[in-house]
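Quick note on labels: first sequence line is chain A, next is B, and so on, each numbered from 1.
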Protein chains: 2
Amino acid sequence: MMITTKGRNALKVMLDLAQHDDGNPVPLADIAERVRESQKYLESTVSQLSQKGLITSTRGKSGGYRLSRPVSDYTVAEIITAAEGSLAPVSCVSGEVTCENACNCLSLPLWKELDEVIMNFLTSKTLADLLR
Amino acid sequence: MMITTKGRNALKVMLDLAQHDDGNPVPLADIAERVRESQKYLESTVSQLSQKGLITSTRGKSGGYRLSRPVSDYTVAEIITAAEGSLAPVSCVSGEVTCENACNCLSLPLWKELDEVIMNFLTSKTLADLLR
DNA sequence: ATTATTTCCTATCTTTATTATAGGAATTAT
DNA sequence: ATAATTCCTATAATAAAGATAGGAAATAAT
């Protein structure tokens, strides 16, 4: 599975934030209750979204999270990538791996194309699209 | 990762069989040596390809494996699916899982579309395409 | 018939990745 | 001061992937 619970949760949180944006920070406890996931588990995912600048956090009492940009500015690709680290369908194209046989591998061009197809699709979809 | 070593190996084996088809069955030991993978590990993958009818096995001395159809008749999608079981990018669309929230999930349509995009691409590529 | 070579089957082990929980430190509005 | 919140680190539990081992069954070649 290319997209795991972590990536799906990230998207759920972003959608929840979009739907409950009243100007005030939204506490994670509220989000967790609505999306029915353990707050503790969501913490790590949300923390990554925050570190990558996709959401803005406010600490302390009456703190929480807010989207940092308009919903139409977020692509699904960047949200999933922020949570999963990569959305490469095959390790060969994830950058981490170097295959000594790459230069004469008959499959590699296929994997690269596949990666592009997926990227193009997920980059074309914004958070706003999902809310419609 | 949606496509793992197993799926990549399946494709490697199919390509190797295509390139060494002289009418006689090709022993797995030969294939393993050429693609530089452990024969024992390849066995399970090759066995799946055989059971799904993608290749034909001949047992006993001077036995081995052969492609059962012309190379242009194999789509990459079916080869990977035979080896991996599924090539769904998200468990939500793999069939195995039933999510009680499916009916009002904002993300599900996206995952279904993504699955389609991937399927369309991998179904459009044949083994013959990779050999060119 | 015997033998060598091969696929086939089943079991198990190791390693890695994912999923999840726990405890508490730091921050800040009230 | 207090209560509510994010933030940080560690670790445990579960599942998936990757790999190995031993031997049974089949069959061509001798």
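Rounded to an integer number of Å, the gap from Y65(A) OH to dT5(D) C1' is 9 Å. One interatomic measurement links the two molecules: CD of Q51(B) to C1' of dT7(C), which rounds to 12 Å at whole-angstrom precision. Rounded to an integer number of Å, the gap from M2(A) CE to dT18(C) P is 13 Å. In this structure, Q39(A) places its CD atom 13 Å from P of dA4(D), rounding to the nearest Å.
Put simply, the side chain of T126(A) does not reach to within 4.5 Å of the side chain of D73(A), judged on heavy atoms. Side chains of L114(A) and V93(A) form no contact here, defined as non-hydrogen atoms less than 4.5 Å apart. Using a 4.5 Å cut-off on side-chain heavy atoms (C-beta onward), L17(B) and I31(B) make contact. Y65(A) has its side chain out of reach of D30(A): every pair of non-hydrogen atoms, C-beta onward, lies at least 4.5 Å apart.
When the side-chain nitrogen and oxygen atoms of S50(B) are compared with OP1 and OP2 of dT7(C), none of them lie within a distance under 4.0 Å.
Each of N120(A), V117(A), I118(A), L122(A) was compared with V117(B) under the side-chain contact (heavy atoms from CB on, under 4.5 Å) criterion, and only V117(A) meets it.
Each side-chain hydrogen bond (donor to acceptor under 3.5 Å, both in side chains) pair with one or both residues in residues 1-14 of chain B, not counting sequence neighbours, appears once here: S91(A)-R8(B), T4(B)-E84(B), K6(B)-Q48(B), K12(B)-E37(B).
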What pairs of nitrogen or oxygen atoms, one from the protein and one from nucleotides 27-30 of chain C, lie under 3.5 Å apart?
{"unit_1": "dT27(C)", "atom_1": "O2", "unit_2": "G60(A)", "atom_2": "N", "d": "3.4"}
{"unit_1": "dT28(C)", "atom_1": "O2", "unit_2": "K61(A)", "atom_2": "N", "d": "3.1"}
{"unit_1": "dA29(C)", "atom_1": "O4'", "unit_2": "K61(A)", "atom_2": "O", "d": "3.3"}

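Of all the heavy atoms in A128(B) and S72(B), the pair that sits closest is CB-CA, 3.7 Å.
Few gaps surround NZ on K52(A); more than 12 heavy atoms of other groups in view lie less than 6.0 Å from it. With a 6.0 Å radius and a threshold of 12 heavy atoms from other residues, nucleotides or ligands, E33(B) has its CD atom at or below the threshold.
If you check every strand for non-hydrogen atoms under 4.0 Å, S47(B) touches nothing.
With hydrogens and angles ignored, the 3.5 Å screen pairs no side-chain donor or acceptor of Y74(B) with any backbone N or O of I79(B). S68(B) places a side-chain N or O within donor-acceptor distance of the main-chain N or O of L54(B), the cut-off being under 3.5 Å.
Computed from C1' positions of five pairs at each end, the angle between the two local axes of the helix from dA1(C)-dT30(D) to dT30(C)-dA1(D) equals 10°, rounded to 10 degrees.
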Protein-to-nucleotide contact annotation, 5' to 3' order, nucleotides 19-24 of chain C [B base; S sugar-phosphate only; - none; under 4.0 Å, heavy atom]: BBBBBB
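DNA chain D lies under 4.0 Å from no heavy atom of any residue of residues 18-28 of chain B.
N24(B) pairs by the side chain to side chain contact (heavy atoms under 4.5 Å, CB included) definition with D22(B), not counting sequence neighbours.
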Salt bridge (charged side-chain N to carboxylate O under 4.0 Å, His left out) assessment of R36(A) paired with E100(B): CA-CA 12 Å; R36(A) 290 157 161 274; E100(B) 72 289 341; over 6 Å; no
